[in-house]
There are 2 protein chains.
Amino acid sequence: MSATIKDIVKDTGLSPATISKYLNGKKIAPENKMAIEASIKKLGYIPNRSAQRLRSKKSNTITILLPSFSDYFWGSITTYIEEYMQKHNYSTIVMAYNPSKTDQSETYQQLLSIQTEGCIMVDENIEKSNLIQLMQEANIPCIFLDQILKTCTLDSVTSNNYESAYEMTLYLIQHGHKRIGVIGGPADSYTAMERIRGFRQACLEHGISEDHQIVYNGTYNAQSGLQLFQKMMELPERPTAVFSLNYYYIMACIQLLHKYDLRIPDDLSLVTFDDDEIFSAIHPPITVMLQDFPALGKEAGRLLLKRMRGDWEDFPQVSYVKAQFIERDSVKDIS
Amino acid sequence: MSATIKDIVKDTGLSPATISKYLNGKKIAPENKMAIEASIKKLGYIPNRSAQRLRSKKSNTITILLPSFSDYFWGSITTYIEEYMQKHNYSTIVMAYNPSKTDQSETYQQLLSIQTEGCIMVDENIEKSNLIQLMQEANIPCIFLDQILKTCTLDSVTSNNYESAYEMTLYLIQHGHKRIGVIGGPADSYTAMERIRGFRQACLEHGISEDHQIVYNGTYNAQSGLQLFQKMMELPERPTAVFSLNYYYIMACIQLLHKYDLRIPDDLSLVTFDDDEIFSAIHPPITVMLQDFPALGKEAGRLLLKRMRGDWEDFPQVSYVKAQFIERDSVKDIS
DNA sequence: CTGAAAGCGCTTACAG
DNA sequence: CTGAAAGCGCTTACAG
């Protein structure tokens with residue numbers, strides 16, 4: 001059986017209270033600290049989390065609520081949140097739920113039964129359900145990732161969508177593009193609209209008229225991306241550059257290059273939000289705006305921890321995390 | 001504060017022991033059962049997991065060990081495992097670790113500290129480390145998903161790779177293909193080799209000579225898939241059909257169709273293991289062999305639960321889960 | 001800074 | 001089938 005505090009007590013001659021204090025980072029005499037550390041190492045002592053949680057009435061658990069485990073975006077960010085929380089002695093439970101239900105009482109009950117102390121959410125559809133209200137009534141802090149909700153007041157962590165779309169558009173304009181297509185997200189998505197706003201602002205500042213800003217909105221899936229790109233390529237006057245606002249769309253665009261016999265970048269310049277291994281492997285490699293997943297995860301964790309400590313200063317806060325521009329070879333200078 | 005057993009005691013007049021028995025599915029008098037159920041509902045009682053775990057000395061937690069959260073394959077299967085375990089009152093912790101280290105003591109320590117009772121693993125590289133040995137010494141059951149290990153004796157759950165590759169190859173042969181390319185996985189991967197074995201067996205049975213079986217092995221990434229497909233397309237005599245053994249390769253193949261000006265299925269027939277939304281959205285939609293993720297997850301959970309109950313009958317067991325053939329339009333009948 | 005005592009909310013033998 | 005008692009491994013006031 002593994003060692004308990006009692007074993008450390010016997011080994012060091014100190015009281016359980018002192019050892020508990022050491023474990024919880026409180027001040028104890030240096031010589032006792034050393035003795036405890038040596039004893040812990042010797043006995044291979046690991047604190048029993050269940051006992052800690054029961055006694056302290058804290059679960060030290062947070063939950064990441066995902067609409068799906070298989071999503072490109074959220075799968076990886078989960079790692080970074082978990083890593084950050086672990087450093088702060090918190091467990092993370094990743095939970096998939098069905099975002100289409102408006103009654104999320106069941107999800108709420110599950111969150112209660114694992115005694116979650118905080119929650120990180122990523123699906124804006126949750127706004128249409130009763131979950132956020134239930135959480136707020138129960139005083140469980142929630143952080144929203146990626147989106148900013150319209151009808152709820154909540155802390156959010158998101159990429160600097162506006163600025164980075166602006167930056168990418170500027171890059172296209174500086175390469176002589178004056179007729180630019182955007183394959184954009186749903187019109188009711190905050191993130192998508194911020195990116196489009198950044199795009200339009202850059203166009204506006206550089207004299208690209210609205211009819212040369214070809215912005216199509218769709219839903220977040222490959223099917224939609226295929227349709228929009230197709231529609232765009234069949235325009236009497238095609239754009240010289242296409243800016244995909246996410247991973248699903250760029251994949252769809254690449255699939256269709258063949259159909260329209262388009263060479264990148266000679267026939268069409270192509271850039272996108274999000275990156276993937278395949279974008280740098282193919283020829284030509286695609287220029288991208290990469291969201292900083294480690295930083296997004298860390299910031300969400302930091303903000304959640306702050307709220308769980310009871311610090312509601314500056315609530316509600318929106319943290320913007322800078323995305324990274326990676327230039328590769330998918331844009332032709334046509335100026 | 002939420003209700004405890006004491007509240008149920010006061011409300012029903014029964015003893016905590018009886019209520020505990022009810023909670024744990026033991027036999028109690030029907031009228032008491034009804035009273036307890038009514039009381040639980042009335043008070044909104046949720047058992048305190050930490051107390052249960054501390055007292056019963058069981059964590060009721062299993063761990064899924066992933067090399068990465070963002071992997072196409074494992075992301076989604078996690079949901080199904082979690083769902084199954086939840087039904088059996090187990091929590092699931094998904095943990096990402098670095099599979100390249102041979103010393104996994106740190107991972108092991110983490111598993112101990114969360115008191116995991118069982119573990120589901122999916123990365124064969126773990127075989128090169130000390131983790132499995134540490135787990136076996138600690139008597140913590142492990143189940144391997146997807147692969148069958150060569151140097152360790154362990155339960156495994158995997159798709160019927162041999163049969164399904166055989167089936168897909170047969171489909172190509174029946175459509176008149178006599179020269180078939182395979183973009184295959186690493187030569188040291190059990191799964192990849194099983195698929196190749198199934199392919200070769202079907203070829204053998206239908207008189208396709210070895211020099212018409214163009215099998216290339218690579219590593220699991222887009223870069224490798226691109227290289228192999230390229231090499232295959234530059235062959236003096238191209239295959240008439242290409243069978244991709246996984247998701248990464250088929251994506252790479254599709255990217256390259258343009259370069260070689262290939263129309264599917266007229267110039268080349270193309271089939272693959274694994275499915276994705278985009279494969280049915282593009283034209284033509286791709287014929288695939290879809291692994292049954294829900295069944296794989298459920299079977300892994302079932303087998304792990306059995307081992308955790310101490311039932312080691314039939315150890316080590318290999319469970320094969322049938323993959324599903326989905327015919328679409330990427331294969332031309334050239335007979 | 002340290003330690004004796006109490007107790008978190010359950011489950012587990014055990015006796016009936 | 002039920003209940004009284006003990007105790008899982010910690011942390012928390014509290015007194016010193």
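So you know, we letter chains A, B, ... as the sequences are listed, proteins then strands, and number each from 1.
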- Item | B/Q52 CD to C/dC10 C1', straight-line distance once rounded to whole Å | 7 Å
- Task: Give the rounded distance in Å between these two atoms: CD1 of B/I5 and C1' of C/dT11.
- Result: 8 Å
- Out of C/dC10, D/dC1, D/dG3, minimum distance to the side chain of B/K27 belongs to D/dC1
- Item | Ion pair check, A/E83 and A/K298, cut-off under 4.0 Å | no
- Query: Could you state the NZ-C1' distance from A/K58 to D/dC10, rounded to the nearest angstrom?
  - Reply: 14 Å
- Do B/D314 and B/K306 meet the salt-bridge criterion of a basic N to acidic O distance under 4.0 Å? yes
- Message: Does B/L54 reach a base, just sugar-phosphate, or nothing at all? Heavy atoms under 4.0 Å.
- Response: base
- With distance as the sole criterion, is a donor-acceptor pair present between the side chains of B/K27 and B/Y22 under 3.5 Å? no
- Just checking B/S20: base, sugar-phosphate only, or nothing, at a heavy-atom cut-off of under 4.0 Å? base
- Query: How would you label the contact of A/Y22 with the nucleic acid (heavy atoms, under 4.0 Å): base, sugar-phosphate, or nothing?
  - Reply: nothing
- Hey, are A/D123 and A/K128 close enough for a salt bridge, meaning a charged N less than 4.0 Å from a carboxylate O? no
- Note on the structure: Every stem of 3 or more Watson-Crick or G-U pairs under 3.5 Å that DNA chain D joins, in order of first number, is C:1-3 with D:14-16, C:5-12 with D:5-12, C:14-16 with D:1-3
- Query: So among B/T116, B/T79, B/I64, B/T78, which one has a side chain to side chain contact (heavy atoms under 4.5 Å, CB included) with B/T92?
  - Reply: B/I64
- Task: Between C/dT12, C/dC10, D/dT11, spot the one nearest the side chain of B/N48, thanks.
- Result: C/dC10
- Query: Checking only heavy atoms, does the side chain of B/K57 share a donor-acceptor pair with the base of D/dG9 at less than 3.5 Å?
  - Reply: no
- Message: Rounding to an integer number of Å, can you tell me how far A/L43 CG sits from D/dG9 P?
- Response: 14 Å
- Task: Measure from CD1 on A/I19 to P on D/dT12 and round the result to the nearest Å.
- Result: 15 Å
- Message: Need one value for B/K6: base, sugar-phosphate or nothing, where a base atom within 4.0 Å counts as base even if backbone is also close, heavy atoms only.
- Response: sugar-phosphate
- Between B/A17 and B/A51, which has a closest nucleotide on DNA chain C that is more 5'? B/A51
- Message: Between B/R307 and B/D155, does any NZ, NE, NH1 or NH2 come within less than 4.0 Å of an OD or OE carboxylate oxygen?
- Response: yes
- Are more than 12 heavy atoms from other residues, nucleotides or ligands located less than 6.0 Å from atom CD of B/E106? no
- Message: I'd like to know if A/D7 and A/K42 make a salt bridge, using a cut-off of under 4.0 Å between side-chain N and carboxylate O.
- Response: no
- Within this structure, what is the NZ-to-P distance between A/K21 and D/dC14, rounded to whole angstrom? 13 Å
- Item | B/L14 CG to D/dC1 C1', straight-line distance once rounded to whole Å | 11 Å
- Query: In terms of the nearest nucleotide of DNA chain D, which residue is placed more toward the 5' end: A/K26 or A/T4?
  - Reply: A/T4
- Query: Which whole-number value in Å describes the distance from B/D7 CG to C/dC8 C1'?
  - Reply: 14 Å
- Task: Look at B/S15 and D/dG3 and indicate whether a side-chain polar atom (N or O) is within less than 4.0 Å of OP1 or OP2.
- Result: yes
